[in-house]
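Report on the structure given below.
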Amino acid sequence: MERLLINNIGLLATPEGQSARCGEQQGKIKLLEKAWLLAEDGRVAAVGSGAAPQLDAQVLDAQGKLVTPGLVDAHTHLIFGGWRQHELALKLRGVSYLEILAQGGGILSTVRATRAATEQELSDKAAAALHEMLCFGVTTAEAKSGYGLNTEDELKALRVIRRLNSEQPVELAATFMGAHALPPEYKENREEYLRLLCEEMIPQVAREHLAEFCDVFCETGVFTAEESRRILEAGKRCGLIPKIHADEIDPIGGSQLTREVGAISAEHLIVCPPEGIAAMAEAGTVACCLPATSFYLGATFAPVRDMISAGVPVAMASDFNPGSCPSLNLQFVMNLGCLKYRMTPEEVLTAVTLNAAAAIRRADRIGSLEAGKQADLVIWDAPDLNYICYRMGSNLAHTVVKKGKVVV
Ligand code: NIG
Ligand code: FE
């Protein structure tokens, strides 16, 4: 048996449970002072405070620091070719995100670069990003396709995700997002692309077990609520769990769709209306909010306090992508959770651990430090939770442990 004993923990902070926490429960976390944690064969065997057990184990001295569960980044567009730094000048001239997309730039310019890249090139690039994420304390991440927009290149992206899952420590949850934009070759024939998505791409992704989730960009000029419903229903018929990019720029009914299709999560929700909040509360959908994207787009911030009051479990993620959020720093997202969403540090911790795990159907296995869960954790250069939400711009992750092994 492989044992790792982490002793001399100044403060262990973790949400508890096997499912998303909502309402007041989102801010209730367990705090253990002068604590220890024992991992056995990659899982948490026991957590306690006071004298650590004396047994045969590799010992890691936490030097009185804060320990939390490993962070979970529940929304990334990890697989893409190129970058889009040229869009910065357009942005500064006042050209909007949707205008850039309508002119064939934005997502579509990344589609060209992604199609041109080999599987190896995409894999090397994503592996570098994953290493950076791991150094920031992220031990599990969701990864979407969505820059291929044809069968061959969407499958290429999903195969890269599958391969990376076994080649490096960050566990990946794959999402098929062929409905990220209408590819230019179908500009005059959107019905045909919808058919391709529903009748060819989704069934093939499912046959090859390349994704767990299906996501749609429900937005003005991208996919309507009705089209999004069709695509998500087609995904469900093949066993793919629905997720939806909703209310990022315009509220066109995406968040209301969560109840109808039973979405596990809704993403962005920057301009989510009260009806959307009510629908998510009823459906038990996790609101996956992406404050670094609001920051980067110069947009407003999602009404997270209203969501928490209405009993919607809130997760936060990076949205790492080459356009609306070229950052994978989940610690910055935590800062923004406090400063812009007015969440407490305790609510923030739940949002980037247990609730994020629930958004990718893994709350029974990760997202908290309790006996039986995976031993994924971060030792922080910080004495308490307030400190990591308050400091900004530095990487405070000191040591990262994945499945009971020190990986950073
Ligand atoms: O979540 N909104 C759609 N997709 C991404 C942006 C993708 C891009 O600009 O490349 C997002 O913001
Ligand atoms: Fe996104």
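Start at 1 and go down the list; that is how both ligands and their atoms are numbered.
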As an exercise, identify every atom of ligand 1 less than 4.0 angstrom from a heavy atom of [X].
X      : value
Tyr147 : 7 (C), 8 (C), 10 (O)
Arg84  : 8 (C), 9 (O), 10 (O)
His180 : 3 (C), 4 (N), 5 (C), 7 (C)
Ser324 : 5 (C), 6 (C), 9 (O), 11 (C), 12 (O)

**OP:** I would like to know whether Phe136 and Phe332 meet ring pair (Phe, Tyr, Trp, His ring centres under 6.0 Å); could you show each step before the answer?
**Re:** CA-CA 10 Å; Phe136 275 109; Phe332 176 53; over 10 Å; no
Should [X] and [Y] count as an ion pair when the cut-off is N to O under 4.0 Å?
X      : Y      : value
Arg93  : Glu87  : no
Lys403 : Asp376 : no
Glu171 : Arg365 : yes
Glu167 : Arg162 : no
Arg115 : Glu152 : no

Under 2.8 Å: N/O/S of [X] next to the Fe ion (ligand 2):
X      : value
Asp319 : yes
His245 : yes
His77  : yes

[atom]: the protein heavy-atom neighbour that sits closest, reported with distance to 0.1 Å:
atom                    : result
atom 5 (C) of ligand 1  : His77 NE2, 3.5 Å
atom 11 (C) of ligand 1 : Asp319 OD2, 3.2 Å
atom 6 (C) of ligand 1  : Tyr97 OH, 3.0 Å

**OP:** Check His75 and report its N/O/S atom nearest to the Fe ion (ligand 2), by atom name.
**Re:**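 Atom name returned: NE2.
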Original post:
Take atom CZ in Phe295; do more than 12 heavy atoms of anything else shown fall under 6.0 Å from it?
Top reply: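 Not buried by this count: 12 neighbours or fewer within 6.0 Å.
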Original post:
So with a 6.0 Å cut-off around NZ of Lys34, is the heavy-atom count from everything else above 12?
Top reply: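 No - once you tally the heavy atoms of other residues, nucleotides and ligands closer than 6.0 Å, there are 12 at most.
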Original post:
Heavy atoms only: which of Glu219, Glu267, Glu248, His268 is nearest to atom 2 (N) of ligand 1?
Top reply: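 Minimum heavy-atom distance to atom 2 (N) of ligand 1 goes to Glu248.
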Original post:
Any heavy atom of Ile107 sitting closer than 4.0 Å to ligand 1?
Top reply: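 Heavy atoms of Ile107 do come under 4.0 Å of ligand 1.
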**OP:** Compute the ring centroids of Phe320 and Phe80, then answer whether they are less than 6.0 Å apart.
**Re:**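 They qualify: ring centres under 6.0 Å apart.
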